[in-house]
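Keep in mind that this is a model prediction, so the values were computed, not measured.
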Amino acid sequence: MTTNIEQFNAHAPNSWQQEFIGKVVIKAKNATLTYQDGSEAIDLASGGFGHQQADITQAVKKQVALMPLSNRVMISPTLAEFVKTLDQATPAPLSVSYICNSGEEAFDGSLKLAKGLHRDRFKVVVVRGSDFGSLSFASLFKEIDAPTLAHLPLKPVFVEANDEEMLLRAIDDETLAVVYEPVLVGDDITVLSADYLSCMRELCHQSQAIMIAYEVNSGMGRFGVDFASELSGISPDTLVLGGALNGGCVPVGAYVTRKAINDTVYGDKNPSLHGSTTGGNPASCVAGQKAVEVLQSKKLSARQAALGQRFSQELMCRDKVEVKHLGSLVLLNFANHKLADSFRQQAVAAGINIARAKDNTLTLRAPLTITDQEVDTAIATLNQVALNLFENKEIA
């Protein structure tokens, strides 16, 4: 009998199939994954909102029973409510939303919006270290496979985080947009400073370039605030959302922009000028709206700060490993890649999913709704892994 793994290997791309070897997920709740063989694991790899939050799940089930999909040209009550919710939730003066299927699609849409303002511009200033996903422009802006993507019509110019002199040299009247994540995550956690973003804001104002903040990874409370742009107090022209915006239920992405920009590019024009066949469907709009409501009513942003403190203070490996955190995102910096990889392999074997090491660094990304009991279990398991690892002198 052919297994699911064999079926996948035969018929699907294999980029990530060996991330958690031989495991097929059949159920998920909060941060706990249940595999086909009956075993379980706590997910500290994918982040996201968390699974089966009652308010969100019930609302989406109700909407699916009424009408899950609709024609993009037609307006549903759920779409109208969702864009109003995003207007109220995101930093002023952002007020107009485009709803689609993912954060990466929203990022593509934000670049198209910028191009609608400046059709004769091609230069995009990119803050190096930002992660914009894996679509074509995103890969180009991450300097991945750049020769293959060199034909793309946008040309990136890279600047370093918090280097105002580089901004001054890079942003000019030929700049279409500046794209960045407000918080950069590598082997360190770098918050773009208020001074840096204020300088960017002023230069974009002078050149009329569009400031695009990519918050698929940082929005929805991850860093202890609802949106990471709040850390500096500097609002972008366009805010790109996705990821946890789906409430762990239905894929959804959005960009939220200034009304003046949207009206200049699209105004009352035919919506098919920038459409998405299933984007803004009623089920996804309910998921997104409820996710924002739960974020605020359950004070999930403040809870992320408390979770990061717990991991940072209670992980016993902190005397052997450099531990850094912002909100609930935690970095473990090991002495070398071998140690980091060994720690990860033992953690996965013990039922804690952690993404592959980047150089010497492991990143813990818990779902927003991870329970206190799941955190207890995760910390206890990771502490046992650390004890086993550092007692092995051959590895340590």
Side-chain angles (χ1 to χ4, degrees), residues 1-61 64-65 243-244 246-251 283 287 290-291 294 298 300 303-304 307 310-311 314-317 328-330 332 340-357 362-389 391-392 395:
M1 181 178 177
T2 304
T3 67
N4 292 141
I5 294 294
E6 290 170 335
Q7 290 171 354
F8 185 93
N9 288 346
H11 302 292
N14 63 2
S15 301
W16 292 100
Q17 68 193 55
Q18 297 301 323
E19 180 68 9
F20 302 109
I21 298 172
K23 297 291 188 178
V24 177
V25 181
I26 61 170
K27 180 183 175 182
K29 185 170 184 179
N30 298 317
T32 299
L33 309 177
T34 302
Y35 295 121
Q36 198 170 42
D37 62 6
S39 62
E40 292 184 340
I42 294 175
D43 176 21
L44 298 184
S46 59
F49 193 92
H51 303 278
Q52 294 195 52
Q53 200 284 332
D55 297 336
I56 299 172
T57 301
Q58 290 169 10
V60 171
K61 284 181 177 179
V64 168
N246 63 27
C249 246
V250 184
K290 287 296 179 181
V294 169
K298 303 293 185 184
L300 293 184
R303 185 166 183 267
Q304 302 316 299
L307 287 175
R310 279 203 63 190
F311 276 104
E314 297 179 28
L315 286 175
M316 293 172 58
C317 62
S328 60
L329 183 134
V330 180
L332 305 179
D341 189 55
S342 296
F343 186 94
R344 176 189 176 272
Q345 289 183 35
Q346 291 187 37
V348 170
I352 307 294
N353 284 355
I354 302 175
R356 291 172 180 167
L362 292 176
T363 305
L364 308 185
R365 289 184 173 91
L368 300 181
T369 58
I370 187 172
T371 66
D372 290 339
Q373 183 177 354
E374 289 169 330
V375 174
D376 291 342
T377 301
I379 290 174
T381 304
L382 292 175
N383 282 340
Q384 186 59 54
V385 168
L387 189 64
N388 296 340
L389 180 67
E391 282 186 347
N392 186 340
I395 294 177

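Between the Gln52 side chain and the Asn30 main chain, no donor and acceptor come within less than 3.5 Å of each other. For the pair Asn383 (side chain) and Met316 (backbone), a donor-acceptor distance under 3.5 Å is present. Gln304 places a side-chain N or O within donor-acceptor distance of the main-chain N or O of Leu368, the cut-off being under 3.5 Å. The backbone N or O of Thr32 lies less than 3.5 Å from a partner atom in the side chain of Glu374, making a donor-acceptor pair.
Residues Ile26 and Tyr35 are not in side-chain contact: their nearest non-hydrogen atoms beyond the backbone lie 4.5 Å or more apart. In this structure the side chain of Asp55 reaches within 4.5 angstrom of the side chain of Lys298, judged on heavy atoms. Contact of the Thr381 side chain with the Gln384 side chain is not registered, since no non-hydrogen atoms from C-beta on lie closer than 4.5 Å. In this structure, the side chains of Leu332 and Leu382 stay at 4.5 Å or more apart for every pair of heavy atoms. Within the 4.5 Å cutoff, the side chain of Asp372 has heavy atoms near those of the Arg303 side chain.
When all heavy atoms of Val330 and Phe311 are compared, the closest pair comes out as CG2-CB, 3.8 Å. In plain terms, the two heavy atoms of Ala283 and Val60 that are nearest each other are O-CG2, 4.1 Å. Here the closest non-hydrogen pair linking Ile42 and Ala378 is CD1-N, 4.0 Å. A pairwise comparison of heavy atoms in Ala31 and Ile370 identifies CB-CG1, 3.6 Å as the closest pair. In plain terms, the two heavy atoms of Asp43 and Pro367 that are nearest each other are O-CD, 3.1 Å. Scanning all heavy atoms of the two residues, the minimum distance from Ala357 to Arg344 falls at N-CD, 4.2 Å.
In this structure, the separation between CG on Leu33 and CD on Glu40 is 9.0 Å, given to the nearest 0.5 Å. Atom CD of Gln58 sits about 10.5 Å away from atom SG of Cys249, to the nearest 0.5 Å. How far CZ of Arg356 is from CG of Leu362: 12.5 Å, rounded to the nearest 0.5 Å. Here the CD atom belonging to Glu314 is positioned 4.5 Å from the CD1 atom belonging to Ile379, to the nearest 0.5 angstrom. With rounding to the nearest 0.5 Å, the separation of CD1 in Ile56 from CZ in Phe49 is 3.5 Å. Taken from CD in Gln346 to CG in Asn388, the straight-line distance is 6.0 Å, to the nearest 0.5 Å.
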What do the steps show when you test Leu364 against Ile352 for side chain to side chain contact (heavy atoms under 4.5 Å, CB included), and what is the final call?
CA-CA 10 Å; Leu364 308 185; Ile352 307 294; over 6 Å; no
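Residues Ser39 and Asp37 bring a donor and an acceptor atom of their side chains to less than 3.5 Å of each other.
Within a 6.0 Å sphere centred on CD of Gln373, other residues, nucleotides and ligands contribute 12 heavy atoms or fewer.
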